[in-house]
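Before any comments, here is the structure.
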Amino acid sequence: MREIVVISGKGGTGKTSVCAALAHLASGGRTNTDNTENAHRLVICDLDVDAPDLHLLLSPSIRRREAFISGNQAEITPDKCTGCGTCAKLCKFDAVQHRGDAFTVDPLHCEGCGVCFHLCPAGAITFPERECGEWYVSDTRFGVMAHALLNPGQENSGRLVSLLKQQARELAGKSGAETILCDGSPGVGCPVISSLSGATLAVAVVEPTPSGVHDFERVAALCDHFHIPVTLIINKCDLNPEETARIRKLAGEKDRVVAAELPFSPDVTRAMIAGLALTETDSPLGELLARAWERIDGLASRAAARKTSNL
């Protein structure tokens, strides 16, 4: 089983559009007009839990919905509170607010440390588990999909990403899927590290700008740290030929394969509006992405073989 993660050093590079197209191709798209019988080949996972958008292109039908519980949040019971103010004095995050004769906890400031709960003289503070979002298992036209949505302002996105990856692996094991394709989180933070954990191959979507190159170098260094091979897709390659050439040179120096160079095209926006993957349209970009998938498929298989031989 191969685990391919599509990443980017920053948001807005076209990562999700690329991932949707690769999902279509991995499920048998462009070689079979009906993907239903081929969908078992693939498990899809949207790991961008802070701002997920892969569902906008894949139109998932939810079969399982679960609350994501992570951490605790203090709550003051007014009938038991004596107004002593101990909780407000102890709170290092200014989460306890005094309004009139009552004390309340601001949930956006509460870090769930539990100091007020354990040291309240009147025992007026409860410490229930915090519901931080929801995660789902859904059916799509390209295969089963694990995805989630973190509530605004909530943390522990890395933990939610890990939960989704676990669900995706279980789904793949049950269905015998040969590939898990993940739309990873952008950047280099905790959710990205969780996205890359255990990955066979990373596909970095890069824009040809100075900041795009800088962000790619950071995320590629992260992959190198975890010994995960990286291949590239240069998006909007014709907008800045000098930076595109620079990216090619950087890739060559590290023996990284450039799987595709995609020119700027309004077809991407048209496909988004229609709720389709680019490879489901008649856009010329579809053929470029199809050839990119052939390279990515081969690289992932070889990386998986090397990984198995080293065990």
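Side chains included, hydrogens not; waters and symmetry mates left out as well; all remaining heavy atoms used.
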Point to revise | Steps toward ring-ring contact (aromatic ring centres under 6.0 Å, His included) verdict (His109, Phe93) | key: CA-CA 6 Å; His109 284 80; Phe93 305 101; 9.5 Å; no
Practice item. Might you work through the side chain to side chain contact (heavy atoms under 4.5 Å, CB included) test for Leu262 and Ile234, ending with a clear yes or no? Key: CA-CA 6 Å; Leu262 307 178; Ile234 306 176; over 6 Å; no
Practice item. Could you give me the CA-CA distance, side-chain angles and deciding distance for Thr77 and Thr126, then say whether side chain to side chain contact (heavy atoms under 4.5 Å, CB included) is met? Key: CA-CA 7 Å; Thr77 305; Thr126 58; 4.1 Å; yes
**Study point:** Verdict with reasoning, Leu90 to Cys116, per side chain to side chain contact (heavy atoms under 4.5 Å, CB included)
**Key:** CA-CA 7 Å; Leu90 292 172; Cys116 60; 5.8 Å; no
Practice item. Might you work through the side chain to side chain contact (heavy atoms under 4.5 Å, CB included) test for Glu207 and Glu243, ending with a clear yes or no? Key: CA-CA 9 Å; Glu207 288 181 324; Glu243 289 297 332; over 6 Å; no
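Within the 3.5 Å criterion, the main-chain N or O of Gly158 finds a donor-acceptor partner in the side chain of Ser162. With hydrogens and angles ignored, the 3.5 Å screen pairs a side-chain donor or acceptor of Lys15 with a backbone N or O of Gly184.
In this structure, the side-chain contact (heavy atoms from CB on, under 4.5 Å) partners of Ser17, at least two apart in sequence or on a different chain, are Val268, Met272. Partners of Cys223 according to the side-chain contact (heavy atoms from CB on, under 4.5 Å) rule, which considers only residues two or more places apart in sequence or in another chain, are Ile7, Leu196, Ala202, Ile228, Val230. When the side-chain contact (heavy atoms from CB on, under 4.5 Å) test is applied to Ala300, the partners found at least two apart in sequence or on another chain are Arg2, Ile4, Leu201. Taking the salt bridge (Lys or Arg N to Asp or Glu O under 4.0 Å) definition, one finds that Asp53 meets it with nothing, sequence neighbours left out. In this view, Arg218 satisfies the salt bridge (Lys or Arg N to Asp or Glu O under 4.0 Å) rule with no residue, not counting sequence neighbours. Asp238 pairs by the side chain to side chain donor-acceptor pair (under 3.5 Å) definition with nothing, not counting sequence neighbours. Judged as a salt bridge (Lys or Arg N to Asp or Glu O under 4.0 Å), and not counting sequence neighbours, Arg295 has no contacts. Residues meeting the side chain to side chain donor-acceptor pair (under 3.5 Å) test with Glu170, sequence neighbours left out: Gln166. Partners of Glu66 under the side chain to side chain donor-acceptor pair (under 3.5 Å) rule, at least two apart in sequence or in another chain, are Arg64. With sequence neighbours left out, Ala67 forms a side-chain contact (heavy atoms from CB on, under 4.5 Å) with Ile69, Glu131. For Asp267, the salt bridge (Lys or Arg N to Asp or Glu O under 4.0 Å) partners at least two apart in sequence or on another chain are Arg270.
Ion pair Asp139/Arg63 flagged as a salt bridge, since at least one NZ, NE, NH1 or NH2 atom sits closer than 4.0 Å to an Asp/Glu carboxylate oxygen. Between Arg41 and Glu178, no side-chain nitrogen of the basic residue sits less than 4.0 Å from a carboxylate oxygen of the acidic one, so the salt-bridge criterion is not met. In summary, Glu280 and Arg141 engage in a salt bridge, as defined by a charged side-chain N under 4.0 Å from a carboxylate O. No salt bridge links Glu294 with Arg291; every basic N to acidic carboxylate O contact stays at or beyond 4.0 Å.
For the residue pair Pro186 and Val192, the shortest heavy atom distance occurs at O-CG2, 3.2 Å. Heavy-atom minimum distance, Val105 versus Pro107: O-CD, 3.2 Å. Contact between Cys182 and Leu47 at its shortest, heavy atoms only, is CB-CD1, 3.7 Å. Pairing each heavy atom of Arg256 with each of Ala220, the nearest pair is NH2-CB, 3.8 Å. Across all non-hydrogen atoms, the minimal contact from Pro208 to Asn240 is O-CB, 3.1 Å. The minimum heavy-atom distance between Ala303 and Pro229, with the atom names listed, is CB-CG, 4.0 Å.
Under a hydrophobic clustering in which Ile, Leu, Val, Met, Phe, Trp and Tyr are joined whenever their side-chain heavy atoms come within less than 4.5 Å, directly or via other members, Leu278 and Val18 fall into the same cluster. A single hydrophobic cluster is seen to contain both Leu181 and Met145, as judged by linkage of ILVMFWY side chains at heavy-atom distances under 4.5 Å, directly or through other members. Both Ile44 and Leu289 belong to a single network of hydrophobic side chains, linked directly or stepwise wherever heavy atoms of I, L, V, M, F, W or Y lie under 4.5 Å apart. Taking hydrophobic clusters as Ile, Leu, Val, Met, Phe, Trp and Tyr residues chained together by side-chain heavy-atom distances below 4.5 Å, Ile296 does not share a cluster with Ile247. In terms of hydrophobic clustering, with Ile, Leu, Val, Met, Phe, Trp and Tyr side chains grouped at heavy-atom distances under 4.5 Å, Trp135 and Leu149 are assigned to different clusters.
Remark: the Asp183 side chain and the Thr16 side chain contain an N/O donor-acceptor pair separated by less than 3.5 Å.
Relative orientation of the Phe103 and His98 rings is parallel, given thresholds of 30° and 60° on the angle between their planes.
The salt bridge (charged side-chain N to carboxylate O under 4.0 Å, His left out) analysis of residues 88-99, with sequence neighbours excluded, yields no pairs.
Side-chain contact between Cys120 and Cys87 is absent, with no heavy atoms from C-beta onward closer than 4.5 Å.
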